[in-house]
Amino acid sequence: MVDDSLYILEKMRDLNLSVSTQAYNSILYNFRETDEMWDVYKAIESKNEHTYSTVVDGLCRQQKLEDAVSFLRDSEWKDTGPSVVSFNSIMSAYCKLGFVDTAKSFLCTVLKCGLVPSVHSHNILINGLCLAGSIGEALELAGDMSKHGVEPDTVTYNILAKGFHLLGMIKWVWEVIQQMLDKGLTPDVITYTILLCGHCQLGNIDKGLRLLKDMLSRGFELNSVIPCSVMLSGLCKTGRIEEAFSLFYRMKANGVRPDIVAYSIVIHGLCRLGELDLAIWLYDEMCSKRILPNSRTHGAMLLGLCRKGMLLEARALLNSLISTGCTLDIILYNIVIDGYAKSGCIEEALELFRGVIESGITPNVATFNSLIHGYCKTQNIAEARKVLDVIKLYKLVPSVVSYTTLMNAYANCGDTEKVDELRREMKANGISPTNFTYSVIIKGLCIGRKLEKYNQVLRDMASEGVTPDQITYNTVIQHLCRAKDLFRAFELFEEMKSRNLEPTPATYDILINGLCFYGYLKDAERFLCSLRERDVSLSKFAYTTVIKAHCVKGDPEMAVKLFLQVLDRGFDVSVRDYSAVINRLCRRELAKEAKFFFCLMLSRGVSPDLDICRVMIKSSDVLGWTIKAGLLP
DNA sequence: ATAGGGTTAG
């Protein structure tokens, strides 16, 4: 209520009451980010140290750094002398602009003025160094603190821990925190939050959950919406949306009010997994609590619509955001452009892209990468390739994603020469391939029947410090299965496990499909059973592959047994799954069994489509029976 | 002075 404070100030003057410097400073502080600061400043009769440091801070916040420095140098502080606080503001501002060296030089100025840099001064510089990636210098400065007569505090250690976290050196995060404990300092809620971030980044979600529980029991509940958000984000990123949802409600029950960030995280998580209805429900709840959606929230909703294939709706939402008049983030456009590209609507993607350019918004690499993807998806590799040059025209640099997307298109045609060409171009531009890239390269070798080069690629990976992951293995295992080399496929499967790579549901899909395809149905069955006994998570595909094989082999009893297990496991069974089974049974003239599945489908509330009805009618007397069941053919 | 959320490739 700063304007009301001005009114009171005026009244006090009218009544000839004297206004204390402290009162003026308080008003000055509230106007420090605006030009009105000077009006307040001029009105102050006796200024003190706080007055000056507030002005310096205000100028820094208004990005008027040079004014701040000259004010400090030339102005009226001569009666009091400059304070360390003013220098801290200036150092902080230089750090935020990325000029850490300039910030550091002010530390000498502080000393020259005969002042003692405080713990704050050091922390500001240490933070600046960490954000600039100079963790070594940051540690050095922290080590020198005692020489300067101050001691590192909890904040110092938190900053260093965050610095290591930013570099992905999570082990050192623990190390820093251990040192902090050794010094007898008490970790605060921020320390815990950084630890929690580390757990989440390493994928140790369960450890994170335990830590969060521990935190809440230590009584951090008053300001713990941030740690809860970190946890929500970790859960959402690993697809554990139900747990995220329950944490969200436990937060509320414990009096931790979710804010815009917490809401956006969960809405995004739901949208990413295609739970659009729940996302909309949460969005409405958020709005009803007067929390206004921002660009991130809108991005999540756009993503949700695109993932559901509701491109018209996504576009309508984007248009309505545009019509509100504020310039939109390129990311919001990227989401819709990518939605078009993924659905093979390259024309629409291009049209929106032109709209972006016309409204003067700068595209980024992701924008172009989506266009590359769109061209590849519509089998237009030549145009996709040209986008690489367009990226350069926009003074942007093609990323590893640009190259990998293109390489993938060539790999799918088995064109290993073009893949190699891009690989060389990429290297020449100083871009390192990732695991992603290598899996594409290996896929190219598989499809192009050049597997003799596989070992060379593995050596390249090793020399670049890229370790094969599950998908690298899946790619080769799939190729071996296709080439009927099931023995080597299973050898690689064992190798994968011996390297502590947990096979994915897709790994099992590939192996089971391979076994079934080449007639090893008994082995597939046994394999599936052993996996189920060990409670390995399997996809619906693993089951339906074996079920389909049973239908083909004429063993409907086993098919029924397994199919009921699929329903039992709560998989989302569609009309396509039923028709896959029914088609095969009909082809073997097992009309009775086909009818059983047809009835099962109806009883589960799944509507038959035209194709499945045709098949049923052709193979049996189902027409009369359908009409009797009250269904219209 | 220190902690949280968005887009792209297998």
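These numbers come from the heavy atoms of this one structure, side chains and all, not from hydrogens, waters or symmetry mates.
Between Leu396(A) atom CG and dT8(B) atom P there is a gap of 18 Å when expressed in whole angstrom units. Here dA3(B) presents its P atom at 13 Å from CD1 of Ile177(A), a figure rounded to the nearest Å. We find that CG of Leu195(A) is positioned 13 Å from P of dG4(B), with the value rounded to whole Å. Between the CG atom of Leu305(A) and the P atom of dT7(B) there is a distance of 15 Å, rounded to whole Å. Rounded to whole Å, atom P of dG6(B) lies 14 Å from atom CG of Leu273(A). In this structure, Met461(A) atom CE and dG10(B) atom C1' are separated by 11 Å, rounded to whole Å. Between Ile337(A) atom CD1 and dA9(B) atom P there is a gap of 14 Å when expressed in whole angstrom units. The distance between atom CD1 of Ile291(A) and atom C1' of dG5(B), rounded to the nearest whole Å, is 14 Å.
Listed candidates were dT7(B), dG6(B), dG10(B). Nearest to the side chain of Lys237(A) is dG6(B). With dA1(B), dT7(B), dG10(B) as the choices, the nucleotide that has an atom nearest any side-chain atom of His268(A) turns out to be dT7(B). Between dG4(B), dA3(B), dA1(B), one nucleotide has an atom nearer to the side chain of Asp259(A) than all others, and that is dG4(B). Distance from the side chain of His373(A) is smallest to dG10(B) among dG10(B), dA3(B), dT7(B). Of the candidate nucleotides dT7(B), dA1(B), dA3(B), dA3(B) has the atom lying nearest to any side-chain atom of Ile194(A). Each of dG5(B), dG4(B), dA9(B) was ranked by its minimum atom distance to the side chain of Ala262(A); first place goes to dG4(B). When distances are taken from the side chain of His120(A) to each of dA1(B), dG5(B), dT8(B), the shortest belongs to dA1(B). For Arg296(A), counting side-chain heavy atoms from C-beta on, the closest listed nucleotide (dT7(B), dG5(B), dA1(B)) is dG5(B). Distance from the side chain of Val440(A) is smallest to dG10(B) among dG5(B), dT8(B), dG10(B).
For the pair Arg272(A)/Cys236(A), no side-chain contact is recorded, criterion being any heavy-atom separation below 4.5 Å from C-beta on. You'll find the side chain of Ser118(A) stays beyond 4.5 Å of the side chain of Val150(A), heavy atoms only. The shortest side-chain heavy-atom distance between Ile447(A) and Cys413(A) does not fall under the 4.5 Å cut-off. Considering only heavy atoms from C-beta on, Ser402(A) comes within 4.5 Å of Val365(A) through its side chain.
Residues from residues 398-411 of chain A placing a heavy atom under 4.0 Å of any atom in DNA chain B, listed by number, are Val401(A), Thr404(A), Thr405(A), Asn408(A).
With sequence neighbours excluded, the residues forming a side chain to side chain donor-acceptor pair (under 3.5 Å) with Tyr438(A) are Glu464(A), listed by chain and number.
Within the 4.0 angstrom heavy-atom criterion, base atoms lie near Ile260(A). Here Thr434(A) lies in heavy-atom contact (under 4.0 Å) with a base. If you check every strand for non-hydrogen atoms under 4.0 Å, Val261(A) touches a base. Using a 4.0 Å heavy-atom distance criterion, Ile124(A) is classed as a sugar-phosphate-only contact. Heavy atoms of Ser295(A) sit under 4.0 angstrom from at least one base atom.
One cannot find a donor-acceptor pair under 3.5 Å joining the base of dG10(B) and the side-chain atoms of Asn412(A). Side chain Ser233(A) to base dG4(B): no donor-acceptor pair is found below 3.5 Å. Not a single donor-acceptor contact under 3.5 angstrom links the side-chain atoms of Asn474(A) to the base of dG10(B). Between the side chain of Asp329(A) and the base of dG6(B), at least one donor-acceptor pair of N or O atoms lies under 3.5 Å.
Neither OP1 nor OP2 of dA3(B) sits under 4.0 Å from any side-chain N or O of Asn158(A). Of the side-chain N and O atoms in Lys162(A), none sit less than 4.0 angstrom from OP1 or OP2 of dT2(B).
A 6.0 Å sphere centred on OH of Tyr29(A) holds no more than 12 heavy atoms belonging to other residues, nucleotides or ligands. Summarising the local packing, NZ of Lys392(A) is surrounded by more than 12 heavy atoms from other residues, nucleotides or ligands at distances under 6.0 Å. Within a 6.0 Å sphere centred on NE2 of His50(A), other residues, nucleotides and ligands contribute 12 heavy atoms or fewer.
Separation of the Tyr394(A) and Phe368(A) ring centroids falls under the 6.0 Å cut-off.
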